[in-house]
Amino acid sequence: MSLEKGFPFSNDSMRVVRIIAQILILYIFYYAGVLIGNLTKLPLPASVIGLMLLFICLQLKWIKVDYIKDGASFLIGFMMLFFIPPMIGIINYPELFSLSGSLLMASVIVSTLFVLITTSLICQWIEKKELAMKEKKEKGEMDHASKYIHH
């Protein structure tokens, strides 16, 4: 046991607690989406409503990315495990390999690619904006510092 900063916990155990707490925050948004979906009868899945709530809270800076970053990364790391059972279940439906099944698979692939491409473009756009804001801030700090140095 280490006694860093007065806590009798190791960094690994604190990381596990932090990840669990962050996953609980994500679940709170999911269940808020369930509640809103049930109350408003919106034709959207609860997870999408919760994700929109989380997005709004992140944009309004009510929640910092650091509050959910480790938990979200942990869940993304295990995402493929969530998709394996449905993929194995496809074997029980040979009609999916017919023409209509092929069209269904094509639409799933196209929509998945659309989401991936759209998400990557939005992430690149946000990253460019953040970089430009950071450069602008650094330039402003340098201008401010140089103003006092020359006088």
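Note that the structure is predicted; figures quoted are calculated from it, not measured.
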Quick one: do Ser111 and Val115 satisfy side-chain contact (heavy atoms from CB on, under 4.5 Å)? Show the steps, please. CA-CA 6 Å; Ser111 64; Val115 168; 5.6 Å; no

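Nearest heavy atom pair, residue Gln22 against residue Asp66, reads NE2-O, 3.1 Å. Residues Val34 and Ala46 come closest through the heavy atom pair CG2-CB, 3.4 Å. Contact detail for Phe114 and Thr118: the closest heavy-atom pair is O-OG1, 2.7 Å. Closest approach of Leu26 and Gly71 over heavy atoms only: CD1-C, 4.3 Å. Taking each heavy atom of Gly37 and Ile49 in turn, the nearest pair found is CA-CD1, 3.8 Å.
The line from OG1 of Thr112 to CD1 of Ile117 is 11.0 Å long, rounded to the nearest 0.5 Å. Atoms NZ and NZ, on Lys136 and Lys139 in that order, are 9.5 Å from each other to the nearest 0.5 Å. From Phe29, atom CZ reaches atom CD1 of Ile68 across 7.5 Å, with rounding to the nearest 0.5 Å. Annotation: the span from Ile28 atom CD1 to Ile23 atom CD1 amounts to 12.5 Å, rounded to 0.5 Å. Taken from CG in Leu54 to CD in Gln59, the straight-line distance is 10.0 Å, to the nearest 0.5 Å. Ser102 OG to Ile109 CD1: the interatomic distance, rounded to the nearest 0.5 Å, is 9.5 Å.
Ile19 and Val65 fall within the same hydrophobic cluster, where Ile, Leu, Val, Met, Phe, Trp and Tyr residues are linked whenever their side-chain heavy atoms come under 4.5 Å apart, directly or through other members. In the hydrophobic clustering of this structure, Leu42 groups with Met52; members are Ile, Leu, Val, Met, Phe, Trp, Tyr whose side-chain heavy atoms approach within less than 4.5 Å, directly or through other members. Under the 4.5 Å side-chain heavy-atom criterion for ILVMFWY residues, a single connected hydrophobic cluster contains both Ile25 and Tyr31. Val17 and Leu24 sit in two unconnected hydrophobic clusters of ILVMFWY residues. Membership requires side-chain heavy atoms under 4.5 Å apart, directly or through other members. Under a hydrophobic-cluster definition in which Ile, Leu, Val, Met, Phe, Trp and Tyr are linked whenever side-chain heavy atoms come within less than 4.5 Å, directly or via other members, Phe78 and Val16 are assigned to different clusters.
With a 4.5 Å cut-off on side-chain heavy atoms, Arg15 and Arg18 count as touching. With a 4.5 Å cut-off on side-chain heavy atoms, Leu104 and Ser107 count as touching. At a threshold of 4.5 Å between non-hydrogen side-chain atoms, the residues Lys134 and Glu138 count as touching.
Although no hydrogens or angles enter the test, the distance criterion places a donor-acceptor pair under 3.5 Å between the side chain of Lys41 and the main chain of Asn38.
Aromatic ring orientation, Tyr30 versus Tyr27: perpendicular (interplanar angle above 60°, classes split at 30° and 60°).
Under a cut-off of 6.0 angstrom, the local environment of CD in Glu127 is sparse, with at most 12 non-hydrogen atoms contributed by other residues, nucleotides or ligands.
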